[in-house]
Amino acid sequence: MESRKESKADKLFELARRRGFFWQALEIYGGVSGFVSFGELGVKLKDKIIRLWRDYFIYKHGFTEVDTPLISPYIVFEASGHVNNFKDPIIECLKCHKKFRADHLLMEFNRKISEGISIENIEKEVNKGDVSCPECGNKKWNVGYFLTMFRTTIGPYSENEGFMRPETAQGMFTEFKRIYEVSRGKIPLGIAQIGKAFRNEISPRQGVIRLREFSMMEIELFFDPLNPRCPFLSQVEDEELRIIPEDLVEKGVESPLKITVKEALIKGIIKQEWLAYFMALSKKFLTKLGLSEDKQRFHAKIPSERAHYSAQTYDHEVLLDKFGWVEVAGHAYRTDYDLSSHMKRSSIDMSVSVPLEKPIKVKHLKMNINMKKIKETFPDKFNDLIKVLNKKNPEDVKKEIDASGVIMIEDLKLPKEVIEFVDVDEEIKVRRFIPHVVEPSFGIERLVYATLDHAYFEKGDRTILKIPPYLAPIQAAVFPLVSREKLQEKSITVWEDLKKKGIDAIYDDSGSIGRRYARADEIGVPFAITIDYQTLEDDTVTVRNRDTWEQKRIIIKDLPDYLLSLLCFSDP
RNA sequence: GCGGAGUUGGUCUAGCCUGGUUAGGAUGUCAGCCCCCCAAGCUGAAGGUCGCGGGUUCAAAUCCCGCACUCCGCACCA
């Protein structure tokens, strides 16, 4: 496999640690895997990636952004299906202590396993005596669950169980009603959230690629299932995507189709316009991070590996030096699963209404109930009776009366005279529905890593991070050519001026000029400004380009604008 | 969790088998000299209780045991 002593990824991790992009957290206690800390450069890079994402995904569409709690009570994740789906039944061989996914192992012994099989049933199956450990043949088992959500308690009462969110999405569903209200009833409605999520991985490795605590950028796009058009689609419909659709994944095909967004929709490879739009946007966004198109692909999730809420999911993967194809974003069509689930559990109506273009006239049957008569006949039961009666469908009531001449409410017989049926013409002006959801979801740490991975270059014994200028953590470095007081003074003036203009600049006068260029290259500073003797005569400086090593002389007063023009990115 | 390998200044590492004086080097950092446009050179300095805990021994980075963590495989990754 890897014959070099040190892979690029190893060197990149070393660089990230040494220069303070990020490192494994809690080093003084030996480190805990699945947790990282970010230093200054990492924070800045992360921040710029987030800003770029906001430009691509939020502002442009007029979406709204929220920030909801990291911890929620049990009931939220019970409703969302996570409590049932975010756990794996595990059985442990009591002899060799190997652990297996219980359902997988039972299937090997030809047991029919239903989704969400209970521990009790697993135990029953296992104890029938024919299930033996594939490792040592032993037949005694310990059965349990491994819940991959972090559990905690809320308040002083330990029975009030809560969980750290495993995705930011649920917050946008639980708060949907208010956000919808605040957005003045807009549909389609895009709600974005950037924040931390937590997954108690069994054994996370691969450094920053698989974390127990990580950051996500997610959008829940709520749309009308009867009007699923995406108004932005035309902007990307000719964009070519590299896709491995479900049927190819099933066949084990690894090479992607190249297909335009338009075609993918027509052929049904992507089922939803918004999903297709976000996939295209996602590709453009990643390209902007410096990830070339041939290092990107969309990989369909087949039903068995899809999340419990998903009707279609594409993983947006990038090719990384050491890890191969790694998912950096997931694009899921969640249907109305989440809102419906919360609606059911909370009994709060999550449906929204849109005005109909033309009001619809509907004829329907209405019951005129003779309240007086009923009250006279059943004075005690009146209230309950009316409640039940009002909930009944008039059509059904009429049928019952036509058939038997009476209506039975519990054990009470109501004579047909108490109800009069009339046909009513009603004008329906709105349509109510539960919105469907398309969700693009990005892992920030993975994006940071992917950006660095693709920015990493070596030139002789020097390392250069060719981070796109608009993402560079440090945007400019100011150097006096030599450490002479006059040059130093001038340099500091230039440096101060750049900072005032909002350019993230550093000043360095230690060591030779070449060493300082090298130091700057290693952390991806795109422009190095050198103050030399000529500066003192004509107020010009040289601007040295990190990638080409070319130098340009610029008049100091034009410098900030010159740099800013190179540092900005064209609008998406 | 299992199997294998490993853990020594900021970084990379020598030393461990064959226990013995202030744990060596490279690189980086800082200060000074130099004044030079791509990690040049010279001088000096700071920085390590050798992962943690225990044991053996007159003496442990070195031998033994336990633990933690990391890396590589296996399993897991909704």
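Quick note on labels: first sequence line is chain A, next is B, and so on, each numbered from 1. Note that this is a predicted model, so its numbers are computed, not measured.
- Taking atom P on both nucleotides, A31(B) is separated from C74(B) by 49 Å, rounded to a whole Å.
- Using a 4.0 Å heavy-atom distance criterion, F13(A) is classed as making no nucleic acid contact.
- Checking the phosphate oxygens (OP1, OP2) of C38(B), no side-chain nitrogen or oxygen of S512(A) falls inside 4.0 Å.
- The distance from the OH atom of Y507(A) to the CD1 atom of I492(A) is 4.0 Å, given to the nearest 0.5 Å.
- Residue S483(A) has no polar side-chain atom (N or O) positioned under 4.0 Å from OP1 or OP2 of C35(B).
- Put simply, CD1 on I523(A) and CG on L452(A) are 11.5 Å apart, with the number rounded to the nearest 0.5 Å.
- Protein atom CZ of R462(A) is 16 Å distant from nucleotide atom C1' of U27(B), rounded to whole Å.
- Counting heavy-atom neighbours within 6.0 Å of L536(A) CG, excluding the residue itself, gives a total above 12.
- Checking C12(B) for Watson-Crick or G-U wobble geometry (two distances, each under 3.5 Å) identifies G25(B) as its partner.
- If you check every strand for non-hydrogen atoms under 4.0 Å, I513(A) touches sugar and phosphate atoms only.
- Using a 4.0 Å cut-off between charged side-chain N and carboxylate O, E213(A) and K196(A) make a salt bridge.
- Of all nucleotides present, none satisfies the Watson-Crick or G-U wobble test against C17(B) with each distance under 3.5 Å.
- Here Q24(A) lies in heavy-atom contact (under 4.0 Å) with sugar-phosphate atoms only.
- Within the shown strands, nothing qualifies as a pairing partner of U57(B) under the Watson-Crick or G-U definition with both distances less than 3.5 Å.
- Note on R484(A): a side-chain N or O is less than 4.0 Å away from OP1 or OP2 of C35(B).
- Contact annotation: R515(A) reaches the phosphate of U29(B) (side-chain N/O to OP1 or OP2, under 4.0 Å).
- Mapping R199(A) and R17(A) onto RNA chain B by nearest heavy atom places R17(A) closer to the 5' end of the strand.
- You'll find a donor-acceptor pair under 3.5 Å spanning the side chain of R544(A) and the base of C38(B), going by distance alone.
- If you take CG of D509(A) and P of G32(B), they are 9 Å apart, rounded to a whole angstrom.
- Rounded to whole Å, atom C1' of G9(B) lies 15 Å from atom CZ of R18(A).
- Remark on RNA chain B: of its neighbouring residues D461(A) and N200(A), the 5'-side contact belongs to D461(A), judged by nearest-heavy-atom nucleotide.
- Looking at D532(A), its side chain comes within 3.5 Å of the base of C37(B) through a donor and an acceptor atom.
- Contact check, R210(A) against C77(B): no side-chain N or O comes under 4.0 Å of OP1 or OP2.
- Taking the 5.5 Å centre cut-off and the 30° plane limit, the aromatic side chain of W549(A) is classed as stacked on C38(B).
- Using a 4.0 Å cut-off between a side-chain N of Lys or Arg and a carboxylate O of Asp or Glu, D532(A) and K490(A) do not qualify as a salt bridge.
- Remark: G44(B) base-pairs with C30(B). Criterion, Watson-Crick or G-U wobble with two distances under 3.5 Å.
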